[in-house]
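Here is how names work: the chains are called A, B, and so on, in the same order as the sequence lines, proteins then strands, and each is numbered from 1.
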Amino acid sequence: MFEIISYLGLIGVVGFIVVHFMVFPPAKKGIAELKSFPEFKGQWWCFWSSDLGLLGRLDRLAFLVALICLSALFLTGFGPPLLGGKALTGFLLIIHATAAPVFIVCVAFLVFNWAYRCRFDAEDREWLRRLCSCRVFGFLKESGVCCKLAFWFGAILCVPVAMSIIVSMFPIFGTHGLETLFKIHQYGSLLLVLDSMVLLYFVCRASNCCR
Amino acid sequence: MRHELKTSPAAFRIEAYRMLTTFLGVFSLSFFATGAEVGKGLGDGNDGNRSGPIHLITLYDDKGMPIKATHQKPRPVSMKKTCGECHNYEKISKGWHFHSGSEQPPSGRVGEPWVLTDSWTRSQIPISNRDWKGAQKPSDLQMSPWQVMSQFGSHMPGGNYGEMEPDEDDLTVDPAEFLRWPISGHFEINCLACHNADRRQDPSGAALQAARQNYRWIATVGAGLAVVKGVSLTLDDFYDPEFEYKIKTQYDKNLFNADNKVFLDIVRKPPDNRCYFCHSVQDMGKSKEEEWTRHEDIHLTAGMTCTDCHRNGVDHMISRGEEHPDPSDHEKVATMSCRGCHLGNGAEGDEEAHRQGGQLGAPHPKHAGIPAVHFEVLSCTACHSGPSPKEIVGGSSPFSVDDIEDLQAFVTELMLRKNAEDPVSMFLYDELSDSTRDQLEGFDDSPSDRVELQGSLIEDFNRISQGPSIYETERFEGVTLRPITKQLLDKSQPGKNHVQFNRLLLEDAYPKALSRYPLGIVRTARVHQLGLHGKHALVRRLPHIMSPVFKPGEDGKIAPHRMFWPAYWGILKNDEVKAISPAYIKEIAADALGVDDQENQEKINDWRPFTTEQIAEVIPLIKEDFEAMDDPRQNEEIVYLSAGKLYRLVDGEVVTEEHEAAEAYAWPIGHDVRPASQSLGVNGDCRECHNPQSNFFVGNVGLDSPFTGEVETKPMVDFQELDPAYTWAFSFSFVFRPIMKIVVSVACILLSMILIWYVLRALGCLSESASKKLKNPGKGESSDV
């Protein structure tokens with residue numbers, strides 16, 4: 001079941017991004033300026049750039065590391081069940097268990113840094129009105145809002161995804177509780193991955209994402 | 001020679017005479033017979049009353065004649081005719097215990113095979129007609145049903161091979177067998193072996209009849225209905241059972257009532273004791289004196305019986321506790337497995353067993369602190385069943401009387417070395433009890449002295465080996481230690497039980513006098529023919545079954561297994577090895593193998609020293625004989641297998657290589673289930689398995705073989721198809737596990753605080769906005785959230 005849902009989810013999100021890209025093509029200048037994430041302009045991965053302060057460099061580094069860890073977690077966590085229908089074991093499990101704490105620490109750092117910039121403000125009220133009036137088409141056009149939404153959704157998801165595994169290592173829950181925790185981890189991770197894909201997409205294309 | 005008998009006119013005349021008399025006899029008696037065909041299946045159903053029916057019944061012999069207490073020359077009871085009166089014998093004979101000899105029997109999960117052992121040919125061959133990987137089919141060894149029965153009849157429930165009398169036109173069968181079948185009779189399914197709850201049911205007595213080839217009499221003797229005198233095995237081939245009466249059956253007349261009916265205490269669910277005769281395991285790690293400390297399966301201790309889980313209908317297809325049984329039976333037996341019974345959680349379950357909610361009020365395990373991935377990669381038995389992981393599986397066990405190979409030599413060596421101030425001998429002598437020392441000093445090799453001294457020495461050896469480590473560098477300076485002893489020496493820690501280590505040290509100190517007996521091994525009732533009492537009791541040691549070996553089962557989950565290394569001579573063809581009968585090998589290569597017919601092999605059934613030079617001698621002998629006999633196998637390559645290796649003869653040199661055909665034969669352990677408090681990882685103690693020294697991963701499994709010299713071992717992880725580097729790295733990572741828990745928890749707390757902070761801010765903004773709207777409808781503007 002998890003495999004099917006995962007495949008459907010991944011296909012759905014990729015499909016959504018493609019369709020969104022075609023229906024709402026980005027501005028002519030290509031990847032546009034990001035007011036909230038000025039460091040993403042140009043060579044944003046150059047966290048050693050001389051025009052950055054220590055916090056800025058750490059921020060970029062954390063983002064890069066989080067991205068790498070998320071990729072590793074995705075490949076190791078979803079690879080065995082999706083490709084072979086097997087449980088995660090062996091060296092993949094070691095990689096997974098090593099990347100996970102690094103990822104969560106980076107995410108905590110990034111959320112701490114970005115939360116203020118990604119807060120919803122008065123200008124974002126319009127999406128709420130559109131959402132409430134079921135004008136989803138217009139709502140989706142607002143990349144900035146979608147970006148913020150994806151950011152907060154991802155931040156929220158990180159907590160159950162990480163804690164479901166940590167809690168299962170303590171003698172608290174019984175067999176079925178542990179199985180439930182594992183399912184929370186599985187499905188939470190799937191949502192987190194899908195959300196991260198959407199977030200990355202919007203971050204890359206948004207011109208007025210956050211301020 | 002064999003075929004001469006089959007085609008000789010004498011044999012033909014005898015056969016014809018037998019057939020004629022049998023036909024006339026049966027025809028004349030059939031008027032009186034109330035045969036099995038009447039009412040077949042009458043007793044298989046249930047009339048709705050749950051009380052068991054009383055079996056006050058008439059006994060029938062194999063001719064279908066009722067047996068009376070007053071008969072002068074009564075025949076033994078026939079189960080087929082007696083039980084078949086009301087029960088569907090044919091249907092029952094297709095059951096799990098009775099169908100393995102049939103063509104293409106269902107295989108199911110790999111199980112315990114029959115093992116054909118022969119210490120002279122250094123053979124231990126797993127045998128089963130089922131498609132179990134590594135097992136040889138009886139037909140591969142040209143074993144006829146008669147031979148299978150002769151070899152393994154003591155622990156057979158009857159039916160199956162016991163009723164597979166060959167067709168008269170079958171030219172592949174030894175003609176002598178045609179003559180033996182009518183004398184011994186069929187070994188019919190012995191229903192009473194399981195269903196007779198009478199305490200007098202004597203499986204050992206039944207086994208004795210099997211050993212005497214009195215197959216027709218097995219059920220009668222086993223149930224204690226009669227005393228049987230006479231041995232089919234010793235009767236002449238031309239003995240006629242229809243007209244001669246050399247095997248006398250004397251019924252206990254007190255068992256018959258006035259109507260010549262006999263009460264049999266038949267129960268639908270066989271008592272555990274009946275199962276035990278064939279399904280017992282003896283842990284050789286415990287001396288006979290310690291047997292009382294052995295624990296029973298927790299389910300049985302709690303009052304359950306074998307048949308609570310291993311149930312069957314009239315077809316006798318007993319459920320085997322499989323988690324994923326045959327889909328057709330899935331719903332019926334879904335709860336009769338560990339998970340099915342213990343993990344039922346009602347309608348929410350995603351498996352049939354879970355939906356049924358378990359059974360028998362089985363407690364739901366907590367598994368507290370054990371991440372769910374364990375349930376996907378480990379079977380329930382990995383943590384709950386069988387012995388705990390051992391440092392050595394296939395090392396050595398407590399001393400028994402047989403372990404002093406040459407008492408006189410040992411006494412002489414000990415005394416000489418003590419007098420020469422050998423530190424080990426001086427230490428050992430000092431550690432012996434006063435009475436043992438007195439016996440040593442006055443030993444004159446008389447039988448009474450031998451028995452007394454052997455007993456005293458074994459008692460002392462076990463006391464010494466069960467104490468603290470006897471190793472001291474100076475003490476064992478002059479002793480050559482085996483690699484396995486050295487390996488344990490590195491792990492030796494004060495305060496730890498050193499029984500294995502101490503035994504290995506003593507064996508190394510007196511290599512000629514003390515036998516090197518494997519540790520972590522078990523004997524099973526069927527394979528080692530346990531439970532035979534009196535004159536026909538055996539002390540079989542082959543095969544050396546190691547337990548527990550943690551390796552993946554057929555479902556890919558790691559489970560404890562029993563395992564032994566097949567060893568035999570065979571034909572290598574298409575990368576597969578078909579075994580050659582040990583009896584044949586012994587016949588043609590007796591000298592090269594050092595066969596001594598005077599020695600009673602049954603009593604000395606253990607490895608005899610073997611060398612590759614002997615292999616180089618035996619293989620050409622087999623080849624020559626094949627060529628002389630124009631055997632179709634003469635052009636095939638002849639090899640010897642042992643301890644995972646294939647021994648081939650290339651240009652006169654013995655070459656060894658690892659080969660799939662030589663892999664260990666293993667089958668999963670279902671029992672004995674330990675109490676939850678003794679399970680691995682109880683209370684979330686990860687380090688019990690996940691530490692670099694854990695026996696679960698790095699325990700040593702012996703490469704058991706007859707070859708003299710150094711004992712080789714393989715780490716457990718090799719059987720688990722895991723990378724040793726991975727298991728080490730993963731175990732080592734548990735050093736950092738507490739730190740990881742703290743770091744991730746702190747990060748999550750920080751994340752949660754930020755989220756809560758912004759949620760509260762959002763609520764504040766919404767509240768502020770609502771207030772402004774109340775004051776100035778239409779002008780409400782909110783600040784940032």
Side-chain angles (χ1 to χ4, degrees), chain A residues 1 81 86-94 97-98 100-112 114-116 118-125 148 152 155-156 158-183 185-186 211, chain B residues 339 342-343 345 348-350 354 364-377 556-557 682-686 721-723 725-727 729-730 733 736-755 757-759 761-762 765 769 781-785:
Chain A
M1 178 59 89
K86 292 175 183 172
L88 170 59
T89 55
F91 282 110
L92 290 181
L93 178 58
I94 293 183
T98 308
V102 180
F103 172 74
I104 199 72
V105 168
C106 291
V107 165
F109 181 71
L110 289 172
V111 169
F112 183 80
W114 295 4
Y116 183 76
C118 285
R119 71 200 186 282
F120 293 103
D121 55 25
E123 288 181 15
D124 298 323
R125 293 180 118 206
K148 285 180 183 178
W152 285 111
I156 292 167
C158 280
V159 178
V161 167
M163 287 313 289
S164 57
I165 283 298
I166 292 296
V167 167
S168 73
M169 291 177 188
F170 290 96
I172 301 170
F173 289 98
T175 313
H176 296 306
L178 290 167
E179 282 171 353
T180 306
L181 283 172
F182 187 62
K183 282 188 176 163
H185 184 72
Q186 275 187 318
R211 69 179 56 157
Chain B
R339 282 171 184 261
H342 287 277
L343 293 181
N345 59 351
E348 293 169 11
D350 54 1
H354 291 187
H364 284 217
K366 289 179 185 166
H367 287 143
I370 297 178
V373 68
H374 288 78
F375 313 139
E376 292 187 34
V377 298
K557 293 181 178 181
V682 68
N683 295 326
D685 182 6
C686 313
E721 295 161 20
L722 294 173
D723 189 331
Y726 154 69
T727 49
F730 193 66
S733 74
F736 306 103
R737 189 57 66 95
I739 300 168
M740 186 192 82
K741 287 179 189 172
I742 293 168
V743 168
V744 174
S745 301
V746 168
C748 285
I749 290 167
L750 182 65
L751 262 174
S752 305
M753 285 168 68
I754 295 168
L755 291 170
W757 171 251
Y758 278 93
V759 167
R761 279 192 67 181
C765 290
S769 173
E781 287 297 328
S782 170
S783 61
D784 297 346
V785 176

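- With a 4.5 Å cut-off on non-hydrogen atoms, A:A97 touches chain B through its backbone but not through its side chain.
- Interface check for chain B: of the options A:F112, A:F170, A:F109, the most heavy-atom pairs under 4.5 Å are formed by A:F170.
- Take B:V744 and apply the side chain to side chain contact (heavy atoms under 4.5 Å, CB included) test, not counting sequence neighbours, and it matches A:P101, A:I104, A:A162, A:I166, B:M740, B:C748.
- Looking at B:L722, there are no atoms closer than 4.5 Å to chain A (heavy atoms on both sides), in backbone or side chain.
- For B:F375, the part lying under 4.5 angstrom from a heavy atom of chain A is the side chain only.
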side-chain contact (heavy atoms from CB on, under 4.5 Å) between A:F182 and B:E376, intermediate numbers included: CA-CA 11 Å; A:F182 187 62; B:E376 292 187 34; 3.3 Å; yes
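- Results of the side-chain contact (heavy atoms from CB on, under 4.5 Å) test with B:L751 over A:I156, A:V159, A:L110 single out A:V159 as the only residue that passes.
- In this structure, OG in B:S752 is found 8.0 Å from CE in A:M163, a value given to the nearest 0.5 Å.
- Atom NE2 of B:H367 sits about 13.5 Å away from atom OG of A:S168, to the nearest 0.5 Å.
- Applying the ring pair (Phe, Tyr, Trp, His ring centres under 6.0 Å) rule to B:F730 yields the partners B:H690, B:Y726, B:F734; only residues at least two apart in sequence or on another chain are considered.
- Here CE of A:M169 is found 6.5 Å from NZ of B:K741. Values are rounded to the nearest 0.5 Å.
- Heavy atoms of A:F173 lying under 4.5 Å from chain B belong exclusively to its backbone.
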Chi angles and distances behind the side-chain contact (heavy atoms from CB on, under 4.5 Å) call for A:V105, B:V743: CA-CA 8 Å; A:V105 168; B:V743 168; 3.4 Å; yes
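- For the pair B:I754 and A:A108, the tightest heavy-atom approach, listed with the atom from each and the gap, is CD1-O, 4.3 Å.
- Rounded to the nearest 0.5 Å, atoms CG (B:D723) and CZ (A:F91) are 4.0 Å apart.
- Chain B forms the most heavy-atom pairs under 4.5 Å with one residue out of A:V102, A:V107, A:V111, and that residue is A:V111.
- In terms of non-hydrogen atom pairs under 4.5 Å with chain A, the most contact-rich of B:S745, B:A729, B:P371 is B:P371.
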Given side-chain contact (heavy atoms from CB on, under 4.5 Å), test A:W152 with B:L755 step by step and report yes or no. CA-CA 8 Å; A:W152 285 111; B:L755 291 170; 3.7 Å; yes
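- Residue A:L181: no heavy atom, backbone or side chain, is found under 4.5 Å from chain B.
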